[in-house]
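Since the structure comes first, as structure tokens, the remarks are kept for the end.
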Amino acid sequence: MAETLRRVLTRDGAAWSGEENTPVAGPPLLLLGAPGSGKTTLLFAAALEAAGEGQGPVLFLTRRPLQSLPRGTGTTRDPMRLQKIRFQYPPSTRELFRLLCSAHEAPGPAPSLLLLDGLEEYLAEDPEPQEAAYLIALLLDTAAHFSHRLGPGRDCGLMVALQTKEEADSGDVLLLALLQRYFPAQCWLQPDAPGPGEHGLRACLEPGGLGPRTEWWVTFRSDGEMMIAPWPTQAGDPSSGKGSSSGGQP
Amino acid sequence: MAAVLPAVVEQLLSEMAAAVQENARSTGLRLKFLFGSSATQALDLVDRQSITLISSPSGRHAYQVLGSSGKTYTCLASCHYCSCPAFAFSVLRKSDSILCKHLLAVYLSQVMRTCQQLSVSDKQLTDILLMEKKQEA
């Protein structure tokens, strides 16, 4: 899934030559950030990206229907792509368990991408680590089953967003260790900007050993368009005196 | 998307399978070094045919292991998960064990291609997976 996110993040930089016609989903990806850090927006952008690849439908799970469609990027908001995203709204942890455990019973083509927004809400109902582990393991198992149904050479990616608190307590540390065990690839989001007077999000993508850590600057124009650029490197950057550069790292 | 095991574990599992089939015991030492007492217990579980691969028409599958206490535990093979308390404690909290004996037994039986087989309907597999969710009090 880190590959799809990378493609979302690099599309504006024209890094994707389009030669890769068989997108590999990559490892499961965890998006982390405080409220308002852009997780839902980024998740939705990944959904549109995957829907446009023509590999299959996209399954988007979230507790509550999105009040409005998150801001998109350019042509990815076309209705054909939106139609390929199936939204489901499990209202409780139990319902989410039921959905995942019965995923193999659902008719129709297997999704090429499985997304879950708001994992923290589902985990909050069951504070026991073993229950949390089972929920996360089932997410992976469901994606693995979809991969199997898609056939050889094709994978179902998995991308999950988790809201973090301003300050972690001991329970959070345990949860984070658990999440890192199952999600080798992570992307931390925080509001930040390379220079004074600027706004946007800083996305720090850690592909979990499959590539170097990369950082990106995500902004929104006044018309809602999302712009993505590599985060300016610190060396020689006169505006890097903000001081909070590594606030989002565990 | 398969569960990722450290390369040394993968290699050892293959060698272990070959060694067991040839009745050699020396590989057991390395297995014990990596996994401690879980190794002998896992081998025991394999010997006693305690692992069952549960498959369904959809292609989704899971494993159940009959533990020494008589309790049955469910293991997911696509990622590391076992419903036993040892997994919860050692692996998730203390993070000092790589695998519990049930998961080790599952991987051994995969490599050795020896385990019980059980075919269930898609609906029955759903129920089996759901049963692991703790019952509401």
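A note on names: the letters A, B, ... follow the listed sequences, proteins ahead of strands, and every chain is numbered from 1. Everything quoted here is computed from the prediction, not taken from an experiment.
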Item checked: Toward chain B, the part of Ala103(A) with a non-hydrogen atom under 4.5 Å -> both
Check: Say you draw a straight line from SG of Cys79(B) to CG of Leu138(A); how long is it, rounded to the nearest 0.5 Å?
Finding: 7.5 Å
Check: If you check every heavy atom in residues 56-69 of chain B against those of chain A, which residues fall under 4.5 Å?
Finding: Ser56(B), Ser58(B), Gly59(B), Arg60(B)
Check: Which atom names give the shortest non-hydrogen contact between Tyr81(B) and Ala137(A), and what distance separates them?
Finding: CB-CB, 3.6 Å
Item checked: Derivation of the side chain to side chain contact (heavy atoms under 4.5 Å, CB included) call for Tyr134(A) and Leu76(B) -> CA-CA 9 Å; Tyr134(A) 193 45; Leu76(B) 297 179; 4.1 Å; yes
Next item on the list: Please check if the side chain of Gln130(A) supplies one atom and the backbone of Phe89(B) the other of a donor-acceptor pair under 3.5 Å.
Entry: no
Checklist line | Segment of His104(A) engaging chain B (4.5 angstrom heavy-atom cut-off) | finding: both
Check: Checking heavy atoms, do the side chain of Ile136(A), its backbone, both or neither come under 4.5 Å from chain B?
Finding: neither
Check: Shortest non-hydrogen contact from Ser102(A) to Thr126(B)?
Finding: CA-OG1, 3.5 Å
